[in-house]
Structures are given as structure tokens and as C-alpha cells.
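In what follows, every chain begins at residue 1, and chains take the letters A, B, ... in the order their sequences are listed.
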Number of protein chains: 2
Amino acid sequence: MAKEKSETLPVRISRVLAERIISGQIEPGARLRQDHVAVEFGASHVPVREAFQRLEAQGLAVSEPRRGVRVAAFDLREVREVAEMRAALEVLALRHAGPHLTRAMLDEAEEATRAGDNSPDVRAWEEANRRFHRLIVTPCAMPRLLAAIDDLHAASARFLFSAWRSDWEARTDHDHRAILAALRAGQVDEAAIILARHVQWIGSKPVRTAAGGTRDVFAIQG
Amino acid sequence: MAKEKSETLPVRISRVLAERIISGQIEPGARLRQDHVAVEFGASHVPVREAFQRLEAQGLAVSEPRRGVRVAAFDLREVREVAEMRAALEVLALRHAGPHLTRAMLDEAEEATRAGDNSPDVRAWEEANRRFHRLIVTPCAMPRLLAAIDDLHAASARFLFSAWRSDWEARTDHDHRAILAALRAGQVDEAAIILARHVQWIGSKPVRTAAGGTRDVFAIQG
DNA sequence: GATTCCAAAATTATAGATAATTTTGCGAGT
DNA sequence: ACTCGCAAAATTATCTATAATTTTGGAATC
């Protein structure tokens with residue numbers, strides 16, 4: 001019906017649904033009903049089903065035969081799992097990217113770090129943070145590895161948004177600057193070590209809720 | 001029509017096609033035509049399209065919008081990429097699995113190693129090899145990580161089969177035994193180091209072709 | 001002889017329709 | 001009041017049909 005710009009329908013649907021799942025707009029465990037999604041996008045359920053397959057492959061949805069597909073649930077265990085996988089894969093990517101990093105790329109990464117420090121909300125911070133991480137690993141030129149890292153970032157972002165639902169305070173990201181400093185000095189190994197620790201850093205932090213009390217949430221950085 | 005045993009149709013189709021792609025039965029770059037696949041499985045193209053989405057997510061097929069899907073091509077660069085990803089992720093998995101490995105599991109892994117050494121063909125060797133690798137990492141209990149490793153193993157197997165198409169000679173796998181020895185001694189770090197080197201070991205080896213000449217192929221071990 | 005163009009055939013992508021299964025709501029029985 | 005079971009509604013999964021796009025083959029042209 002509407003004129004698309006060469007982006008295939010299942011891709012578009014899965015991308016929009018992925019954004020909603022990541023941002024927490026759709027709750028974990030919520031059912032994704034193909035007909036409802038179809039009418040919303042003015043499509044039929046065939047492309048919707050294909051979109052569901054994509055979401056499942058990304059780990060954002062789970063499908064039970066004959067019983068439909070639900071938004072994937074997640075717990076602290078999986079948060080840790082994703083963090084460790086990110087650490088392993090991003091370090092690998094950085095080691096290969098290191099030799100090909102130009103001064104211009106590092107400047108761009110520093111700009112992303114600044115943007116993160118000045119973010120007004122989690123959403124903006126997450127976007128800047130992801131830009132930083134992607135910039136320093138992209139030159140590895142390993143498409144499969146980069147795609148895997150992207151999927152893990154999506155999962156990370158999901159956890160992040162679920163933790164800091166409402167309150168947010170910006171803070172300067174010392175790890176990012178330390179990584180950049182090491183890379184500028186040509187010390188890729190040193191940068192990789194900091195990156196691994198940075199990504200895996202998962203702690204616990206009391207957060208003021210809207211009601212005025214405090215609750216303990218896990219904190220994700222990087 | 002036919003009675004299904006609770007395995008969903010797209011899953012079944014994608015699994016069969018994946019086997020063919022991995023074994024080299026379908027050549028890289030070959031077109032996968034939905035109607036042809038559909039009639040072969042006695043189905044329509046709707047479940048076939050969903051199967052194609054799965055294959056694409058696994059990295060076994062690539063889809064160009066409006067132009068159909070083809071079996072993914074691969075080159076030496078990607079072989080190396082997959083090997084390095086495997087090394088990074090399997091080491092991570094082994095580190096977590098280490099403390100939970102029981103004597104019985106290690107015995108089973110040793111049995112898999114023996115089976116590999118006595119394999120009559122590549123196919124059998126690959127199956128035993130995969131069993132070994134899966135056995136020693138499974139106790140990490142990280143489902144997402146294990147799924148990622150499985151996909152990488154599928155890619156590895158593909159490369160393996162394309163290299164050793166016809167000739168094959170069994171040989172004893174010293175690395176597997178060294179890994180087991182280290183694990184039995186409780187030296188998980190040592191085992192992880194050997195595993196990383198083992199998986200990444202990619203060399204070059206002259207292979208006799210059916211025509212009688214020799215050509216240079218890459219060799220994969222692990 | 002090679003190239004370009006056009007029409008026919010094949011193929012992809014989506015829509016609409018149908019069968020089968022699961023969920024839901026309500027009433028009967030305890 | 002609670003549970004069990006059955007019937008109605010909703011939903012999934014698949015098939016058939018249709019529109020749109022790409023590929024293919026051949027004839028006309030340079």
C-alpha cells in the first residue's frame with residue numbers, strides 16, 4: 001500500500017518490534033499476536049510470521065509451537081551471560097580493529113563519549129554508548145563478529161532500560177576515556193583489558209523509585 | 001497430511017536444508033527457490049519462507065530482497081573469523097563449565113575422542129569432534145552462549161566438508177587428550193589455553209584431488 | 001558476430017481463505 | 001465457594017490465489 005524505500009516488510013516489522021521490546025514498551029512474557037501486529041502494520045500475517053522468526057533468532061522472543069510467540073523473559077543470570085559474551089567478543093574485535101584505527105575514528109569515538117556524558121536520559125546515553133563501542137570495533141572488518149556483537153548490545157540495552165526505568169543521572173565515563181588513551185598510545189592490549197573489565201562491570205546500586213522508596217537494581221555500564 | 005511428531009514445519013525444513021548446506025550437497029551461491037523446496041516437502045511456500053529466515057539467521061543463507069535467497073558463500077577470511085569467535089566463546093564456556101565437570105562427563109568426552117580417532121570418514125569424525133566440544137562446555141549452563149557456539153560449529157563443519165571432500169585419514173587427536181588431562185587435574189586455565197590454540201589451528205595442507213593432482217586447501221582442526 | 005530490447009516465463013512477496021488447536025468463559029456438580 | 005468440564009471464541013498454522021518483480025530467451029539492430 002504505502003511506498004516503501006526498498007526495506008523488506010519483515011525486516012521493517014521486526015525492527016519496530018525489536019525497538020519496543022528493547023525499550024520495555026512491551027513487557028517480557030507478553031504475547032505477540034500475529035493478526036494484531038498484522039493489522040497495525042496494514043499487512044497480512046505472512047510477513048509478520050517472518051518478523052517473528054527474526055526476533056526469535058535475536059533472542060528477543062520465544063515461540064512455543066501452536067501457542068504463539070512471547071516476548072523473551074530475562075533474569076540476572078542472562079544479564080551476566082550477555083555481559084561476558086560481549087567482553088569476549090568485543091575484546092576479540094578490538095584486537096583486530098586496533099591496527100586499523102585512524103586518528104579520525106578515535107576522535108569520533110571521543111565525541112560519542114562526550115555525548116554520553118551529557119545525555120539527558122538513559123535512551124540518549126545508551127545510543128551514545130553503543131556508538132562508542134561500535135566505532136572502536138568496526139575496523140576489524142569481521143561481519144559475522146560485528147553482527148553477533150550488535151545482537152548482544154540489543155540485549156544489554158534491554159536490561160539497561162528495565163533497570164533505570166525513570167531516574168537517571170549523567171556521569172563522566174572514565175573507562176571510555178582510558179580506552180581511548182590506550183588506543184591513541186598504540187597499546188591495544190591495554191585497551192582490550194580495560195574494555196573487558198568495563199563491559200563486565202555489573203554491580204548493584206540502590207535506586208530511588210517514583211514512590212520515594214529505594215530498591216536494589218543491578219547496574220550495567222558499557 | 002503427513003503426521004508430524006511435534007516438530008514445527010519451518011524448523012524441520014530449515015534443519016534439513018542446513019544439513020545439505022553444511023555437507024556441501026548444495027553449493028555456495030546456489031539459489032534456494034521457495035516453490036521447489038515447497039513441493040519437495042509437500043508444503044506451501046509460507047513455512048519455507050520462515051525456514052529461509054532461520055537459515056539466514058544462522059549465517060547459512062543470504063537473502064536479497066525480491067531476488068530470492070542463496071546459499072551463503074564463504075572464503076578463508078570467514079573461516080578464520082569463525083575459528084577466532086569459537087576460540088573466544090568456547091574458552092569462556094569452558095571456564096564456567098570447569099567447576100561443574102564431573103568424572104563421568106570427562107569419561108564421555110574421552111570416549112568421543114576415541115570415536116573421532118577411529119572415524120572412517122570426515123562425516124563421522126566431525127560428529128565425534130562436535131560431541132567432544134559440546135560435552136566439555138555444556139555444564140556452563142549458559143543457553144545463549146551454547147546456542148552461539150552451536151551455530152559456529154555448523155559453520156566450521158561446512159568449511160571442513162568443503163576442504164576434505166573425498167580423501168580422509170584418521171589421526172589421533174592429541175589436543176583433545178591434553179585438554180582432558182588438564183581438566184582431570186583441575187587445571188581449567190591450562191585446558192582453556194590449549195582449547196583456544198586447538199580451535200584456532202588453521203593451516204594449509206596439500207590434498208590429492210580425484211583427478212590425481214594436488215591442490216592447496218586450508219585445514220581445520222577442532 | 002555481438003548487443004540491445006522486448007515479451008514470455010519463472011519466481012518472489014503479499015493477501016485472503018481454511019483447517020486445526022488452544023484459550024476462555026460459563027454453567028453444572030460437588 | 002471451588003473445581004471440573006464442555007462449548008464458543010480467538011488464535012495459530014497452513015494452503016490457495018493474486019499482484020509485482022526479476023530472469024530468460026530470442027529476434028531485431030548495429
Side-chain angles (χ1 to χ4, degrees), chain A residues 1-21 25-73, chain B residues 1-21 25-73:
Chain A
M1 8 197 57
K3 284 275 101 290
E4 314 299 328
K5 28 179 190 278
S6 84
E7 192 189 35
T8 207
L9 199 42
V11 172
R12 199 169 74 86
I13 295 174
S14 76
R15 188 171 44 73
V16 172
L17 290 179
E19 282 167 15
R20 288 187 198 162
I21 294 172
Q25 200 173 331
I26 318 181
E27 301 251 318
R31 294 186 62 175
L32 295 174
R33 276 162 297 201
Q34 55 184 216
D35 281 4
H36 295 205
V37 176
V39 299
E40 179 190 341
F41 285 87
S44 101
H45 36 245
V46 179
V48 173
R49 296 191 117 258
E50 292 175 40
F52 285 175
Q53 289 281 356
R54 299 191 131 249
L55 292 174
E56 203 181 351
Q58 279 187 293
L60 294 176
V62 289
S63 140
E64 292 177 277
R66 286 269 166 209
R67 302 183 66 176
V69 18
R70 302 176 165 279
V71 175
Chain B
M1 15 201 68
K3 55 239 86 251
E4 50 269 47
K5 45 230 150 219
S6 82
E7 193 188 37
T8 212
L9 198 41
V11 172
R12 198 169 74 88
I13 295 174
S14 77
R15 189 172 44 72
V16 173
L17 290 180
E19 281 168 15
R20 289 187 197 161
I21 294 172
Q25 200 172 330
I26 318 180
E27 301 252 317
R31 294 186 60 175
L32 294 174
R33 276 162 298 202
Q34 56 184 214
D35 281 4
H36 295 204
V37 176
V39 298
E40 180 192 338
F41 284 87
S44 97
H45 36 243
V46 180
V48 173
R49 297 193 116 256
E50 292 175 40
F52 285 175
Q53 289 280 355
R54 297 191 135 248
L55 293 174
E56 204 182 349
Q58 278 188 294
L60 294 177
V62 289
S63 143
E64 293 177 275
R66 286 266 165 211
R67 302 183 66 176
V69 22
R70 304 175 163 279
V71 176

Check B:Ala18 against B:Leu60 and note the closest heavy-atom contact, atom names and distance. CB-CD1, 3.8 Å
Nearest to the side chain of [X] - [options]?
X       : options                : answer
B:Val46 : D:dT22, D:dT14, C:dT12 : D:dT14
B:Arg33 : D:dT11, C:dT11, C:dT23 : C:dT11
B:Ser44 : C:dT12, D:dT16, D:dT11 : D:dT16
B:Arg31 : C:dG16, D:dT22, C:dT11 : C:dT11
B:Arg66 : D:dT11, D:dC15, D:dT21 : D:dT21

Are the charged groups of A:Glu19 and A:Arg15 less than 4.0 angstrom apart, N to O? yes
Give a yes/no answer on whether the side chain of A:His45 brings an N or O atom under 4.0 Å of OP1 or OP2 in D:dT14. no
Which comes earlier along DNA chain C counting from the 5' end, the contact point of B:Arg67 or that of A:Arg70, where each point is its nearest nucleotide? B:Arg67
Residue whose nearest DNA chain D nucleotide is more 5′ - B:Leu9 or A:His36: A:His36
Rounded to whole angstrom units, what separation is found between the [atom1] atom of [X] and the [atom2] atom of [N]?
X       : N      : atom1 : atom2 : value
A:Phe52 : D:dT12 : CZ    : P     : 7 Å
A:Asp35 : D:dA13 : CG    : P     : 11 Å
B:Glu64 : C:dT11 : CD    : P     : 16 Å
B:Gln34 : D:dT14 : CD    : C1'   : 15 Å
B:Glu50 : C:dT12 : CD    : P     : 16 Å

Derivation of the salt bridge (charged side-chain N to carboxylate O under 4.0 Å, His left out) call for B:Arg20 and B:Glu40: CA-CA 14 Å; B:Arg20 289 187 197 161; B:Glu40 180 192 338; 2.5 Å; yes
For the backbone of B:Pro10 and the side chain of B:Thr8, can you confirm whether one donor and one acceptor N or O come within less than 3.5 Å of each other? no
